[in-house]
Amino acid sequence: MKIRKAVFPVAGLGTRVLPATKAMPKEMLTIVDRPLIQYVVDEAKEAGIEHFVFVTGRNKSVIEDHFDRMYELDATLSARGKTAEQEVLARDQPAAGATSFTRQQAPLGLGHAVWCARDIVGDEPFAVVLPDELVLNRPGCLKQMIEAAEKLGGNSNLIAVEEVPGHLTHNYGICGVGARQGRTFEINGMVEKPKQGTAPSNFSITGRYILQPQIFRILETQERGAGNEIQLTDAMIGLARTQKFYGVEFEGERHDCGSKAGFLRANIAFGMARADLRDGLREEMKRYLEK
Ligand code: G1P
């Protein structure tokens with residue numbers, strides 16, 4: 001099962017981190033020195049993804065600019081001999097023709113956002129990557145999932161999952177756990193944002209999916225669910241009637257960068273993972289902890 005395309009739903013309003021996201025897309029928030037969206041595109045590239053599909057909305061055009069080549073900047077860096085910076089920009093830029101942008105015209109939910117990508121994805125399995133969830137690990141989360149998908153073969157659907165404390169299950173989609181093989185298990189039920197005390201397990205759906213294209217047919221008529229939105233989880237429940245779903249417990253630290261606390265923690269974690277910043281950051285943090 002070759003996965004060539006990844007869908008990045010980037011139309012969200014980012015209300016949990018206002019006012020930062022009033023005029024700037026939440027996907028452009030910076031972890032250390034790179035916007036969130038760059039991390040997930042890099043993760044997808046590492047996993048072998050060849051085409052990057054962004055489902056955007058109003059006020060998101062800066063994301064498209066970010067993945068374009070900036071001739072003036074390039075020329076200025078070149079004139080000033082800043083070759084290291086030029087190399088970073090060149091490395092981060094997707095190949096010509098490897099990106100597509102489409103708009104979700106109204107905030108109708110994650111399921112609707114994914115459905116907006118149907119014509120660009122076409123009739124092949126694809127990945128969905130939510131940019132506000134970063135996973136610190138090499139190999140990245142999506143690469144681990146694609147490797148698991150290759151082992152499973154056939155018409156499998158996979159979801160990256162992580163155990164969360166029981167009192168937090170109502171914030172997530174939650175999977176029921178069936179037969180297990182190592183870090184992969186059969187999913188025997190899903191529920192989006194279950195009421196306190198009703199979750200089938202503590203395994204939360206994180207922001208990485210590998211889905212079969214039949215999901216689009218279900219999304220087409222999917223009714224609104226939790227939060228009065230068209231939920232991807234509800235469409236996956238529909239698809240699970242005819243196809244297998246597997247949970248993949250990935251290796252790595254998950255960061256919810258769409259919340260203020262998670263965003264701060266991600267900056268520390270990704271900063272500490274950088275050889276050029278680690279020592280200075282450690283000293284600074286020590287100073288603050290002793291205050
Ligand atoms: C979405 C999904 C949910 C998943 C979560 C992970 O919810 O609907 O199943 O657990 O992402 O971040 P949202 O956070 O958009 O409400």
Side-chain angles (χ1 to χ4, degrees), residues 6-18 21 25-27 29 31 36-37 39-40 43 55-57 60 104 106-117 127-136 141-142 145 157-177 187 189-196 198-211 215 218-219 222-240 245-250 252-263 265-266:
V7 174
F8 302 89
V10 293
L13 297 175
T15 50
R16 288 189 296 162
V17 280
L18 277 169
T21 47
K26 107 177 135 172
E27 298 76 16
L29 288 173
I31 303 295
L36 282 173
I37 193 71
Y39 284 95
V40 287
E43 183 185 327
V55 181
T56 73
K60 300 280 183 167
Q104 184 186 24
L108 298 178
L110 178 61
H112 180 261
V114 171
W115 182 69
C116 290
V128 175
V129 183
L130 307 188
D132 48 10
E133 296 239 13
L134 291 191
V135 178
L136 186 55
C141 182
L142 196 59
M145 290 180 71
N157 298 270
L158 292 88
I159 305 173
V161 296
E162 186 194 58
E163 271 191 290
V164 295
H167 68 279
L168 295 180
T169 50
H170 67 282
N171 293 324
Y172 299 97
I174 302 289
C175 300
V177 181
I187 291 175
M190 285 175 258
V191 51
E192 181 65 19
K193 310 219 166 72
K195 293 209 169 66
Q196 293 272 13
T198 64
S201 81
N202 283 12
F203 280 99
S204 71
I205 296 175
T206 72
R208 308 284 183 277
Y209 311 73
I210 290 175
L211 297 171
I215 194 80
I218 298 173
L219 281 168
Q222 184 61 54
E223 288 179 0
R224 290 170 189 249
N228 200 29
E229 292 187 343
I230 298 170
Q231 295 290 352
L232 182 59
T233 305
D234 293 340
M236 294 195 298
I237 293 169
L239 188 56
F245 273 76
Y246 295 91
V248 180
E249 274 187 89
F250 56 91
E253 214 176 78
R254 167 195 193 182
H255 297 276
D256 175 10
C257 304
S259 76
K260 286 174 195 170
F263 174 72
R265 194 184 72 160

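Since the structure is predicted, the reported quantities are computational estimates derived from the model, not experimental observations. Every number for a ligand or one of its atoms is a count from 1 in the order of the listing. Residues take their numbers from the sequence shown, with the count starting at 1.
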Inset, instruction - Heavy-atom contacts with Lys193 under 4.0 Å: which atoms of ligand 1 show up? List them by number with element. - result: 7 (O), 13 (P), 16 (O)
Inset, instruction - Would you mind checking if Arg254 and Glu133 are paired as a salt bridge, meaning a charged N to carboxylate O distance below 4.0 Å? - result: yes
Legend entry - Value rounded to 0.5 Å, distance of CD1 in Ile174 from OG in Ser204: 5.5 Å
Inset, instruction - Tell me, yes or no, whether the heavy-atom count around Glu223 atom CD, taken from other residues, nucleotides or ligands under 6.0 Å, exceeds 12. - result: no
Inset, instruction - First locate atom OH of Tyr209, then atom CG of Leu130, and finally report the distance between them rounded to the nearest 0.5 Å. - result: 5.0 Å
Legend entry - Gly173 N/O to ligand 1 N/O under 3.5 Å: yes
Legend entry - Exercise check, heavy-atom protein proximity under 4.0 Å to atom 7 (O) of ligand 1: yes
Legend entry - Val161, Thr169, Val177, Val191 screened by side chain to side chain contact (heavy atoms under 4.5 Å, CB included) with Ser201, the one that passes: Val177
Inset, instruction - Could you tell me if any non-hydrogen atom of Thr233 lies under 4.0 Å from any atom of ligand 1? - result: yes
Legend entry - Criterion side chain to side chain contact (heavy atoms under 4.5 Å, CB included) against Val17, the qualifying member of Thr15, Thr21, Leu13: Thr21
Legend entry - Atom indices of ligand 1 within 4.0 angstrom of Glu133 heavy atoms, with elements: 6 (C), 12 (O)
Inset, instruction - Considering only protein heavy atoms, determine whether one is less than 4.0 Å from atom 14 (O) of ligand 1. - result: no
Legend entry - Distance filter under 4.0 Å to Leu130 heavy atoms, resulting ligand 1 atoms: 11 (O)
Inset, instruction - Provide, to 0.1 Å, the distance between atom 5 (C) of ligand 1 and the closest protein heavy atom, together with that atom's residue and name. - result: Ile205 O, 3.9 Å
Legend entry - Among Gln231, Arg254, Glu192, closest by any non-hydrogen atom to atom 9 (O) of ligand 1: Glu192
Inset, instruction - Considering non-hydrogen atoms only, spot the tightest contact between Ile187 and Met190 and give its length. - result: CG2-CG, 3.8 Å
